[in-house]
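Notes for the one structure printed next.
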Amino acid sequence: MREITYRQALNEALAEELARDPNVFLMGEEVAEYNGAYKVSQGLLERFGPKRIIDTPISENGFAGMGVGAAMVGLRPIIEFMTFSFSFVAFDQVVNNAPNMLTMSGGQFNIPITFRGPNGPAHQLGATHSHATECLYANVPGLKICTPATPRDAKGLLKTAIRDNNPVLVLEVELLYSSKGMVEEEDVELLIPLGEAEVKREGSDVTIICYAQTVPLALAAAETLENEEEISAEVLDLRSIKPLDLETILKSVSKTHRVVIVEQDRPFCGVGAEVSYRIQKEMFDGLDAPILRVAQEDVPMPYNEKLEKAVLPSVEKLIAAVKKVCYA
Amino acid sequence: MSQPEQRDEVEMLSLMLLIRRFEERASQQYQAQKIGGFCHLYIGQEAVVCGTVAAVRPDDYLITAYRDHAHALARGTSANACMAELFGKATGCSRGLGGSMHYFDREHHMYGGHAIVAAHVPLAVGMAFASKYRAEDRVTLCFFGDGAINQGSFHEALNLAALYKLPVVFICENNLFAMGTSVERSTSLKEIVDRAEGYDIPGTVIDGMNFREVRDKLSGIVGSIRGDPHPAFAEIRTYRYRGHSMSDPASYRTKEQLEKYRLDDPITRLRAQLAREEKLTNEQFDRLDKEAKEIALASVKFAEESPEPPLEKLYDYTYAMEPARPRAQGENSGEANRPGGGPPSKEKASA
Ligand SMILES: Cc1ncc(C[n+]2csc(CCOP(=O)(O)OP(=O)(O)O)c2C)c(N)n1
Ligand SMILES: [Mg+2]
């Protein structure tokens with residue numbers, strides 16, 4: 001194992017899959033000559049050339065659609081959105097073309113495409129540039145969605161996504177590109193299956209279910225809860241929103257009997273709503289308190305720093321919710 | 001393989017007859033409520049797709065909008081599979097899951113059947129990208145209506161195709177109307193073909209009621225693309241005799257206009273050309289027509305007797321199941337990517 005950044009992990013995943021399969025190519029705005037808006041594709045143009053690392057004009061609908069068409073005839077495109085906030089310009093391709101083709105063609109055309117890029121609120125980017133898009137996309141059958149929060153998960157999930165025969169959205173965390181973590185050496189093949197959650201910290205009193213941006217936040221809260229409240233929190237990172245790893249969730253909850261879900265998206269029809277529905281359906285009698293969730297406020301993201309902070313989930317809000325379910 | 005052999009004109013005439021008779025049957029079955037949803041007929045436009053198909057290779061990629069019955073039939077999808085699809089049967093070309101607007105047939109290089117106006121135009125550019133990527137000399141044929149040319153995706157697609165010099169022919173089937181909106185009421189340009197100029201794409205105007213003109217001009221266009229990948233644009237002027245869909249009485253246009261085009265019917269025209277050149281007798285024509293009618297009628301019987309798609313398979317096509325394996329360059333994804341069946345196990349736990 002060695003310590004690398006989340007950005008480097010993604011870069012390695014891309015490079016390894018490009019080297020492994022000549023049908024894989026990367027396309028998007030500024031991915032080639034500029035080395036990526038967030039430098040995730042650093043050096044790839046130099047190594048793989050302009051045939052496979054392709055700069056596009058600002059035409060999300062156009063190039064996302066090109067990806068779907070190329071996938072129909074056997075290529076495995078990786079489409080980078082500069083941020084997933086811009087994927088809305090290509091919404092029709094992502095929700096109406098990519099995931100429907102297999103069904104509509106009676107099983108003839110699957111779409112092995114990866115849509116990737118930063119997702120979720122960053123810092124003071126305002127309403128149009130701060131979208132977490134997982135809840136919207138999770139509503140669409142035919143899409144798979146993963147949300148890596150660590151360099152290891154970023155590398156392992158992106159590689160799996162590229163090899164998957166379905167449209168997969170890899171929702172990267174803009175705020176974590178420079179964060180560091182331990183990852184297997186480069187000569188070890190790292191593949192993390194879609195649909196497997198991971199316990200990032202063990203605990204016995206309460207399960208904190210989190211993903212993406214909220215993983216570091218949950219870990220920080222668990223630390224404080226341990227030290228200051230003597231509450232032992234288990235931190236469960238979903239890693240994939242769809243498919244959802246209900247098994248691991250239920251296993252943790254049957255140990256702790258209490259749940260707080262902390263999500264980076266808005267609450268209405270959200271990940272927390274779905275997860276709590278499933279938990280109560282499977283183990284209503286195993287719960288010692290109502291499930292609580294901490295999400296964004298249900299408003300367009302304000303630019304103002306204080307207001308933005310008020311909208312976002314935080315360690316403080318999470319700790320308050322945990323104390324509530326623990327009746328502490 | 002370079003340019004295709006010239007296809008026999010009598011054979012192409014019988015293809016046009018099959019398309020016409022098939023759709024007449026479909027129309028009748030729709031009225032008998034055997035067919036659900038929307039159903040858009042191509043009657044009157046047959047020379048457009050048949051002329052194009054006569055000018056290309058069977059392995060060239062073809063993609064179109066929702067007025068797609070003729071495109072599948074012209075590509076070689078059987079009338080049975082086409083009719084069964086309209087009936088929503090498991091034997092349909094999309095296993096009864098796509099319907100009239102979503103015909104797909106991988107074997108015959110028919111890539112749909114797309115019902116969001118212009119959303120498939122970028123797909124065509126992606127398919128052409130794939131051919132160039134693999135250094136194949138395949139050409140992609142992208143059909144769409146006059147109503148598609150004002151969508152953003154159309155403009156983005158043309159620019160991308162020109163920018164990357166991709167082997168795609170954009171074929172605008174200008175039948176003068178998008179539903180009830182005439183081209184004059186939708187488009188600022190007088191000539192649709194001029195749209196191409198804005199992207200530095202060569203454009204050609206073609207009489208879509210004349211099979212030979214479509215074939216010959218397309219042949220030239222496709223031939224110029226094979227050795228030297230680039231996009232081209234063809235505005236093919238045509239007319240649909242029926243309403244936009246089965247529910248449209250088409251009261252926005254005049255009887256005179258319809259009559260004018262009917263007199264110029266593409267089937268009658270090719271028949272007359274062949275008769276003049278003594279390549280087709282009346283008896284031969286009648287026999288071809290009779291055959292087409294029989295095939296169409298038999299397809300109804302086939303569709304009626306076919307099974308419905310099984311309910312147990314509801315989840316089978318939501319996700320492709322096999323793990324990916326790297327494919328050699330140029331290999332079509334084909335069977336290897338056929339889904340195995342069932343939803344991802346952990347997903348099944350829904351109410
Ligand atoms: C994005 C979108 N908007 C509207 C429609 C509804 N609609 C279906 S067909 C059509 C007219 C299209 O006309 P044209 O492109 O000329 O094709 P034609 O029907 O003449 O073959 C419209 C408005 C649609 N299917 N998709
Ligand atoms: Mg039209």
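Values in this document were obtained by computation on a predicted structure and should not be read as measured data. All chains are named by letter (A, B, ...) in the order of the sequence lines, taking the proteins before the strands, and each is independently numbered beginning at 1.
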Item checked: Atom CZ of F38(B): over 12 foreign heavy atoms under 6.0 Å ->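 12 or below, so no.
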
Note to self: Are more than 12 heavy atoms, taken from residues, nucleotides or ligands other than E189(A), located less than 6.0 Å from that residue's CD atom?
What the structure shows: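 For E189(A), atom CD is crowded (more than 12 foreign heavy atoms under 6.0 Å).
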
Taking the side chain as every heavy atom from C-beta outward, state whether [X] and [Y] have any atom pair closer than 4.5 Å.
X: R52(A); Y: Y133(B); value: yes
X: H114(B); Y: M101(A); value: yes
X: T56(A); Y: Y164(B); value: yes
X: S153(B); Y: D92(A); value: no
X: E136(B); Y: V73(A); value: no

Residue part contacting chain B, namely of [X], when any heavy atom lies under 4.5 Å:
X: I58(A); answer: neither
X: E60(A); answer: backbone
X: T160(A); answer: neither
X: N97(A); answer: side chain

Check: How close do N159(B) and P57(A) get, heavy atom to heavy atom, and via which atoms?
Finding: ND2-CG, 3.7 Å

Checklist line | For I54(A) against F129(B), the heavy-atom pair lying closest together | finding: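 So the two residues come closest at CD1-CZ, 3.2 Å.
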
Next item on the list: Spell out, as yes or no, whether a donor-acceptor pair under 3.5 Å connects the side chain of Y319(B) to the backbone of L143(A).
Entry: yes

